[in-house]
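Working notes, structure below.
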Amino acid sequence: MHVAFPPTRAYIDRMATKLYAHPVFLEHLTPPGHPERPDRLRAVTQVLAAEAFDPLLREEAPMADEVTLLYAHPEKHVSAVRRAVPETGMRAIDADTAVSPKSWEAALRAVGAANAAVDDVFLGRADNAFVAARPPGHHAEKTRAMGFCLFNTAAIAARHAQKAHGAEHVAIVDWDVHHGNGTQDIFWHDATVLYCSTHQMPLYPGTGAKDETGAGNIVNAPLAPDTGSETFREAFQARVLPALRNFSPDLIIVSAGFDAHHRDPLAQINLTEADFDWATGELMDCASRHADGRLVSVLEGGYDLVGLSSSVSAHVQRLMKG
Ligand SMILES: [Zn+2]
């Protein structure tokens with residue numbers, strides 16, 4: 001039989017979605033009252049234990065090959081983080097960012113999981129993947145740990161896709177409510193990686209204006225405080241999606257922070273689970289058109305446990321559904 005329109009991934013009922021996690025992500029400790037706390041991941045783990053997530057392909061986050069850290073950071077940054085990790089107790093790197101004895105392992109497993117997820121989607125072991133890890137990564141600049149972040153997981157994974165799998169164009173889409181200054185910094189001169197961010201402005205870390213465009217590869221879509229779904233979707237449709245289509249990525253990496261949820265205490269953007277479901281679908285659409293469906297999503301922020309877990313649930317269900 002002649003098949004004029006062979007089925008694409010978009011027509012397959014269920015995607016093969018991988019989930020990376022590891023108990024050590026609960027052992028990266030932060031001071032009492034700190035928003036980026038182990039309970040975040042307990043809430044995510046709990047929601048992903050529901051029956052709806054039985055089809056997930058679950059895997060323990062492997063340790064990253066340390067060489068891959070150098071894809072985004074110079075050796076002196078890597079050794080500074082390593083030296084900062086205390087044998088007991090906790091040590092502050094800056095006013096927001098702390099390390100404890102297991103932080104090195106947690107950070108390396110976060111990076112290792114993102115790299116492994118990239119391998120999975122390029123080798124056909126999964127259609128897409130979600131990395132449920134902490135610490136987050138998008139504030140980590142080339143030479144600076146900041147904003148709860150030690151190494152820039154999404155940036156390293158993007159370079160890993162280029163080095164290990166010959167990807168020419170990798171897009172990072174960051175819908176965390178804070179601008180990913182670190183990812184922007186790392187790729188400022190590198191037009192092979194597109195960085196698109198929606199974020200509240202003004203807000204920490206202060207970067208992310210529309211006129212910050214790097215080598216033409218940085219697309220910032222700042223959102224005013226107290227806006228919500230409509231403004232977010234308009235910005236996504238007007239700025240992020242056209243840039244993505246034009247760039248034709250071989251892989252989409254999502255810096256998936258869920259602190260633009262209306263319940264989040266750190267910002268004033270009023271998104272709901274439905275917005276994360278929608279945005280996930282739009283990115284999957286783009287990935288299936290340009291990147292054979294390849295999409296890797298890495299957890300960034302999200303500090304209200306109910307908002308975080310229900311948003312992760314919507315996001316991962318959409319990844320599974322296609
Ligand atoms: Zn954030």
Side-chain angles (χ1 to χ4, degrees), residues 114 117-118 121 127-131 136-139 152-162 167 169-188 190-201 207-208 210 212-214 216-223 229 231-261 269 271 275-302 311-312 314-316 318-319:
V118 166
V121 298
D127 295 299
N128 54 43
F130 181 64
V131 176
H138 73 151
H139 293 305
N152 198 310
T153 304
I156 294 166
R159 287 253 163 86
H160 175 66
Q162 294 181 317
H169 285 165
V170 180
I172 300 175
V173 178
D174 183 338
W175 65 51
D176 187 282
V177 82
H178 302 95
H179 180 243
N181 60 294
T183 315
Q184 173 168 299
D185 171 60
I186 289 162
F187 297 114
W188 187 257
D190 182 353
T192 68
V193 175
L194 175 72
Y195 176 67
C196 301
S197 174
T198 56
H199 48 273
Q200 179 176 321
M201 196 168 196
T207 50
K210 275 188 184 173
E212 296 165 22
T213 56
N217 62 319
I218 308 287
V219 177
N220 286 315
L223 310 170
S229 296
T231 312
F232 168 74
R233 292 189 191 204
E234 273 169 17
F236 216 74
Q237 275 169 328
R239 293 183 63 77
V240 175
L241 295 175
L244 267 180
R245 282 185 217 114
N246 192 40
F247 185 69
S248 189
D250 303 307
L251 166 70
I252 296 176
I253 295 176
V254 187
S255 264
F258 297 97
D259 39 10
H261 189 277
I269 300 292
L271 300 193
D275 296 307
F276 295 116
D277 168 75
W278 173 81
T280 306
E282 293 293 319
L283 295 186
M284 290 176 76
D285 236 34
C286 184
S288 77
R289 226 167 280 147
H290 299 286
D292 201 20
R294 289 182 288 265
L295 185 150
V296 169
S297 173
V298 180
L299 179 65
E300 300 280 4
S311 300
V312 165
H315 175 56
V316 175
R318 187 56 179 251
L319 290 178

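Just so it is clear, the values below take in all heavy atoms, side chains as well, and ignore hydrogens, waters and symmetry mates.
With values rounded to the nearest 0.5 angstrom, Ile156 atom CD1 is found 7.0 Å from Ile186 atom CD1. The distance from atom CZ of Phe232 to atom CG of Leu223, rounded to the nearest 0.5 Å, is 7.5 Å. A distance of 11.5 Å separates CZ in Arg294 from OG in Ser288, rounded to the nearest 0.5 Å. If you take OG1 on Thr213 and CD1 on Ile218, they are separated by 8.0 Å, rounding to the nearest 0.5 Å.
Between Asn217 and Ala191, the shortest heavy-atom contact is CB-CA, 4.0 Å. The shortest non-hydrogen separation linking Cys196 to Val240 is CB-CG1, 3.9 Å. Minimum interatomic distance between Trp175 and Ala260 (heavy atoms only, all atoms of both residues): O-CB, 4.4 Å.
For the side-chain contact (heavy atoms from CB on, under 4.5 Å) criterion with Val296, the lone passing option out of Val118, Asn128, Val170, Ile172 is Val118.
A search for salt bridge (charged side-chain N to carboxylate O under 4.0 Å, His left out) contacts involving Asp275 returns Arg233, not counting sequence neighbours. Every side-chain contact (heavy atoms from CB on, under 4.5 Å) that Arg318 has, sequence neighbours left out, goes to Asp277, Thr280, Met284, Lys321. Applying the side-chain hydrogen bond (donor to acceptor under 3.5 Å, both in side chains) test to Asp174 and every residue at least two apart in sequence or in another chain returns His138, Tyr195. The side-chain contact (heavy atoms from CB on, under 4.5 Å) check on Asp190 picks up Arg159, Phe187, Thr192, Val193, with sequence neighbours excluded. Taking the side-chain hydrogen bond (donor to acceptor under 3.5 Å, both in side chains) definition, one finds that Ser297 meets it with His315, sequence neighbours left out. Remark: Thr207 pairs with His179, Asn181, Pro205, Glu212 by the side-chain contact (heavy atoms from CB on, under 4.5 Å) rule, at least two apart or across chains. In terms of the ring pair (Phe, Tyr, Trp, His ring centres under 6.0 Å) criterion, His261 has no residue partners (sequence neighbours excluded). A search for side-chain hydrogen bond (donor to acceptor under 3.5 Å, both in side chains) contacts involving Thr183 returns Asn152, not counting sequence neighbours.
Leu283 places a side-chain heavy atom less than 4.5 Å from the side chain of Phe236. The closest side-chain heavy-atom distance from Gln184 to Asn220 is below 4.5 Å. In this structure, the side chains of Pro222 and Lys210 come closer than 4.5 Å at one or more pairs of heavy atoms.
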Cut-off 3.5 Å, no hydrogens considered: what does the side-chain donor-acceptor table look like for residues 241-258, sequence neighbours left out?
from: Ser248; atom 1: OG; to: His290; atom 2: ND1; distance (Å): 3.2
from: Asp250; atom 1: OD2; to: Glu168; atom 2: N; distance (Å): 2.8
from: Asp250; atom 1: OD2; to: His169; atom 2: N; distance (Å): 2.9
from: Ser255; atom 1: OG; to: Glu300; atom 2: OE2; distance (Å): 2.7

